Amino acid sequence: MRYKIKDVAKINERAINKKYNGTINYIDTSSVTDNIFNNPKVYSSIKEAPSRARRVANLGDTIISTVRPNMKHTGFIDKVKYKNCIYSTGFAVVTPLKDRVDPFYLYLVLTNNKNTELLQSIGETSTSTYPSVKPSDIENLEHDFPNINKQKEISTTIKMLENKIYLNNKINTNLVV
C-alpha cells in the first residue's frame, strides 16, 4: 500500500532534557555519511556541548540530515554505541511505528536515490542560503510499502549483503601493505 512517511513513523519525538547531568556523546551531521559513523565528540556536560546537541535517537531510528540531502548524511541506529548519543538538530530523527514498518526497511526507503534526489530538489527551493528541508518534507514523502513480512525479508537480505561487503572491505584493507 502507498503511505506517507508520517503514516508509518514519527519525527523528532525526543530531545535531551536541558537539566541533563552527565557526559554528552555528540554526533553532528558531518560525522555520519551513508550509514558510516565517526566516533562521537565527547563533552563533559550539556553546557559544554554545542547548542545543537539536542536530538535523542533509539535503536531502530533513522537519522537524516535536513541540510544538503545529496551529501547523504544519514544513518541507521542499530548499534548500542550510537543509541546513547545526542544528535545535532541538523538531523531529523525518524522513529518507525514498528507495527506498520520494519525499521531498517524504513531506513532503506528514506535513503534511496529517488528520495534523496527529491529531498535535494525540495531543499534547493528553500529560502536558506544552502539546500535544506523541513521535517514535514520528509513526513510527506510517499512510498509503496509491501506487507511487514516482506519488508523484514528485504531488510534481512540487504543487511546480510551489507555485512558481507563491510567484512570484504576490511579484509581487502588488511591485505594492502
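Just so you know, these numbers come straight off a predicted model, no measurement behind them. Values below: every heavy atom of this structure, side chains too, minus hydrogens, waters and symmetry copies.
Residues I16 and V56 approach most closely at N-CG2, 3.5 Å, considering heavy atoms. In terms of heavy-atom proximity, T89 sits nearest to R55 at O-NH2, 3.5 Å. Taking both residues in full, the closest heavy atoms of D7 and L97 are given as O-CD1, 3.9 Å, listed atom of the first, atom of the second, then distance. The two residues C85 and P40 make their nearest non-hydrogen contact at SG-CG, 4.0 Å. Listed here is the closest heavy atom pair of A9 and V94: CB-CG1, 3.6 Å. Shortest non-hydrogen contact noted between P69 and P131 is CD-O, 4.2 Å.
With sequence neighbours excluded, no residue forms a salt bridge (Lys or Arg N to Asp or Glu O under 4.0 Å) with E13. The side-chain contact (heavy atoms from CB on, under 4.5 Å) search around N147 returns N149, K150, not counting sequence neighbours. F37 pairs by the ring pair (Phe, Tyr, Trp, His ring centres under 6.0 Å) definition with Y82, not counting sequence neighbours.
For the pair R68 (side chain) and Y130 (backbone), a donor-acceptor distance under 3.5 Å is absent. A donor-acceptor contact shorter than 3.5 Å is absent between the side chain of S155 and the backbone of K152. Side chain of T66 to backbone of G90: a donor-acceptor contact under 3.5 angstrom is found. Counting only distance, with no hydrogens or angles, the side chain of Q151 and the backbone of Y105 share no donor-acceptor pair below 3.5 Å. Side-chain N or O atoms of Q120 include one that pairs as donor or acceptor with a backbone N or O of N70 at under 3.5 Å. Counting only distance, with no hydrogens or angles, the side chain of H73 and the backbone of S30 share no donor-acceptor pair below 3.5 Å. Between the side chain of D137 and the backbone N or O of K134, at least one donor-acceptor pair lies under 3.5 Å. The closest donor-acceptor contact from the side chain of N112 to the backbone of V109 lies under 3.5 Å. At distances below 3.5 Å, at least one donor-acceptor pair connects side-chain atoms of N35 with backbone N or O atoms of F76. Within the 3.5 Å criterion, the main-chain N or O of E153 finds a donor-acceptor partner in the side chain of T157.
In the model, T116 has no side-chain atom that pairs as donor or acceptor with a side-chain atom of N113 under 3.5 Å.
Within a 6.0 Å radius of CG in N17, more than 12 heavy atoms belonging to other residues, nucleotides or ligands are found.
No continuous path of ILVMFWY side-chain contacts below 4.5 Å connects I138 to V93, so the two sit in separate hydrophobic clusters. Criterion: ILVMFWY side-chain heavy atoms under 4.5 Å apart, direct or through other members. Under it, I27 and L59 are part of a common hydrophobic cluster. In the hydrophobic clustering of this structure, F104 groups with V101; members are Ile, Leu, Val, Met, Phe, Trp, Tyr whose side-chain heavy atoms approach within less than 4.5 Å, directly or through other members.
Looking at heavy atoms from C-beta onward, D102 lies out of side-chain contact with I154 at the 4.5 angstrom threshold.
Note that NZ of K72 is 13.5 Å distant from OG of S65, once rounded to the nearest 0.5 Å. Between atom OH of residue Y26 and atom CZ of residue R54 there is a gap of 9.5 Å, rounded to the nearest 0.5 Å.
Between D61 and R14 there is a salt bridge, since at least one side-chain N of the basic residue sits less than 4.0 Å from a carboxylate O of the acidic one.
Ring planes of F145 and Y3: tilted class, angle from 30 to 60°.
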